[in-house]
Amino acid sequence: MRLEQLFSGPTSVTLWGPRGAVQIQHPAPGVLRVRHAPSASDSTFTHPRLPAKQSFAVVGHGGHALTARRNGDTVHVSADGVALALSMESGTWTFHDSEGRLLASSRSVAGEPTPDYPVVRYRSRLALHAPEDEAYLGFGEKVGPLDKRGLRFTFWNTDVMPHHPDTDPLYTSIPFFIGLRQGVAWGLFLDESWRSEVDVALTDPQTIHWESHGPELDCYLIAGPAPADVVKRYVALTGRPPLPPLWSLGAQQSRWGYENEADIRGVIQGYRERDLPLDCVYLDIDYQDGYKVFTFDRARFPDPKGLARDAAQMGVKLVPLVGPAVRAEPGYSVYEQAREKDYVVRFDRGEVLMGEVWPTTVVFPDFSREEVQRWWGSQLQSFSETGIAGIWNDMNEPACFTVRNDPDSFTVQGRRPNGSGRVEGPTLPYDARHGTRRHLEVHNVYALGMGKAVWEGLKQAAPDKRPFILTRAGFAGIQRYAAMWTGDNSSHWTQLESSIPMLLGLGLSGVAFTGVDIPGFVGRANGELLVRWMQAGMFYPLMRNHSAKGTPRKEPWRFGEPYLTLARETLRRRYRLLPALYSLMQEATETGLPVMRPLSMHAPAEGDALRAYDQFLFGPDLLVAPIVRPGHSRRLAYLPAGKWLSFPNLDRPGQVHDGGGYVIAEGPLDTVPVWLRAGGAVPFTQPALHTTDANWKALTWHIHAAAQVTGRLYEDEGEGHGDFRLTRLSGGLDGDTFRLERRAEGTLPLAREGEVIRIHGLAAAKSVTGARSHRAVDGALELEVGAGWDRIEVRL
Ligand code: MIG
């Protein structure tokens, strides 16, 4: 695309030519926005201008200063941490960091409208050079290993049941990836909600091809150099996640097919009778009256308030499912309001779109409009008075089984116009219209709009609580509102294994609060799969047991012994781990870094770390290599460079391994292999049957002694917006002295009597100061310190 004119302002550079325009802005340090508008430019040579755009995903729009300099054919743009060199002749660019490192280069950019009528589609194409030794991570909720090179993906939110390890697309679209080459990372976020496809160096091993149906390409180029830098910057752009209530990190139980109140009570009872920790039970669609949203079937759920109250007494919260589709039933108030206010999705030619979801005719709220979001949120007021603790947003791709009133009578000269009535997946057709927008443009952000609606609604309904929303579909930015689960998986070993790279990819794409259905939604699970899945799942930020109607029940006690005992032990470990998990979730609210991290996040230059995609880091300090294959009792695990203390089950310290290579980890059925990084300090508490608050009464630090030790603990009431306390540990080994300091900020009063600090790798001490007592346990030195300790020193 040839560019002829250059207009350079203090915060943006605009170039345009006969076939379109390019605008460069600097929204944040380390980030450049390069917006190509190949066919929609309305620039004149006196007024360079691109069409106004409202981004659904980007929240941080700051326009920082940049400078531009023209040198022959090339325009050099530089800004804080980043630089771009753009060719006027071709419109292609190269992207550099402040050290002059070449991070990325485009090969071509082109777009043209496809004259379909009535559905206008475009073909906007971006080609990027893909160096052979570069890996591509992220892309949101996608199948495949961590490195997506050699794969091809479609961004079109789709309800697929069941999905398989190679199913694409799935429910969520996040057009963002991280390039990683020789330890240096950069990122690209394509801020286009339109349907798009990316070919990740599959067809041409040297090129990434991205094609969007939208008229333009709005690219955010993000510098590293560390993968974590790229993630932080991407999340700053698209919004940091909120801190969820503590209870949502506890064990969760769900099933499609809990028919009535007695069923729900029975499940809670089942947990309590067997001493199984539990914090939350979901109400699947079964509770609804004729599948009408915001209703209860009073025959089967006569007293939702009483049910919620009794559940609360046993430490359990209830979260009902709400889909977007509104049953088209005259007299049903939600439907009547939607029609009366004209809040529903229509066809291009004006008719209200009537779909079918469940055995009824439905209409779809148009969540692209703010007034519709507010209206939906207001429905939560009375609904949440029943005492429900959150909302489960399902079917929000949106899923639609069939279109009832597909106007195929609409023909031109006896033929159906190209694009009209075309449907891709079980959803709305391409020619559906949302206000003034096309379905092709807003399909992928439907769930984002619904997420915002519910988020605002819950905040209003219960201002003293933190909203909890679980969503199936999403787009870039969904982390601002909801936790995500990966939809309808199956009770199959390959899905346990593939859950790891999928959640890692989501975490790199800004969604930190994630989980998958344990032990698989459809199909039949056995006890071994349940236990292995729980052992991996105790490290998922969201740990939920769920199953489909018609499948055998999958609560932890349905498989007999020894599986029940092993499941109980695993849940107890999850609850011991809550101080660490909660602190990591809080860290995500500041940095956007995920809880589950690929090894490459902390060892970006190690190729083996990239390939070890069925392992992960839990925060910076714990490395987990769960057994994900049937009948296996050991596995190969890669440990990045450094020293790692074998710490299976988080409680049986073993030997110290040198990283930078592979070890064979023992993992009999009662064991999940874990390691603790040298220098790591991880806080644990006592197991409990349910959470109460995050001001831990009992706290034990496990520390792997090294020259530098750091630890972090965030505490508060676990709910609401009250006081907090952030504790940092720092210190380390210096010759024959080990020192540790504790610093705290915040005003939350301490609830602890004392604390235990277990230091692995220290032999018996000659003397200890600052502790109440010390002793040797399991080859480690265990100190008991007072609640408000500030300094300990150990002489060896
Ligand atoms: O068409 O509500 O992914 O978790 O149990 C199926 C019933 C609708 C799909 C969700 C699943 C849920 C199920 N829902």
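Atoms within each ligand, like the ligands themselves, are counted from 1 in listed order.
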With a heavy-atom distance limit of 4.0 Å, tell me whether Leu321 approaches ligand 1 through its side chain, its backbone, both, or neither.
side chain
Per the ring-ring contact (aromatic ring centres under 6.0 Å, His included) rule, which among Tyr343, Trp455, Phe364, Phe294 passes with Trp376?
Phe294
For Lys549, which part has a heavy atom under 4.0 Å from ligand 1: side chain, backbone, both, or neither?
neither
Pair Asp279 + Lys317: basic N to acidic O under 4.0 Å:
no
What is the nearest protein non-hydrogen atom to atom 8 (C) of ligand 1, stated with its residue, atom name and distance?
Asp394 OD2, 3.4 Å
Report yes if the distance between the aromatic ring centroids of Trp557 and Tyr271 is under 6.0 Å, otherwise no.
yes
At a non-hydrogen distance cut-off of under 4.0 Å, which region of Trp485 contacts ligand 1 (side chain, backbone, both, or neither)?
side chain
Counting each atom of ligand 1 from 1 as listed, which ones have a heavy atom of Arg472 under 4.0 Å away?
3 (O), 9 (C), 10 (C)
Considering heavy atoms of the protein only, find what lies nearest to atom 3 (O) of ligand 1 and give residue, atom and distance to 0.1 Å.
Asp488 OD1, 2.5 Å
Check this for me: does any side-chain nitrogen of one of Lys549 and Asp284 sit under 4.0 Å from a carboxylate oxygen of the other?
no
Cationic N near anionic O, under 4.0 Å, Arg346 to Asp366:
no
Below 4.0 angstrom from a heavy atom of Met395, which ligand 1 atoms are there? Numbered from 1 as shown, please.
1 (O), 8 (C)
Filtering Asp284, Asp159, Leu283 for the heavy atom nearest atom 12 (C) of ligand 1 leaves Asp284
May I ask you to decide if the ring planes of Phe521 and Trp256 are parallel, tilted or perpendicular, using 30° and 60° as cut-offs?
parallel
So, 4.0 Å and heavy atoms of Trp392: is ligand 1 close enough to count as a contact?
yes
If you round to the nearest 0.5 Å, how far is NE2 of His163 from CE of Met502?
6.0 Å
Quick look: Met161 vs ligand 1, heavy-atom contacts under 4.0 Å, and the answer is neither
Quick test of your reading of the model: are Arg553 and Asp263 salt-bridged, counting only N-O distances below 4.0 Å?
yes
Would you kindly specify which portion of Trp358 sits under 4.0 Å from ligand 1, judged on non-hydrogen atoms: side chain, backbone, both or neither?
side chain
Flag Trp256 as yes when one of its N or O atoms lies below 3.5 Å from any N or O atom of ligand 1, and as no otherwise.
no
How far is atom 4 (O) of ligand 1 from the closest protein heavy atom, and which atom is that?
His546 NE2, 2.9 Å
With a 4.0 Å cut-off, would you call Arg298 and Asp289 a salt bridge?
no
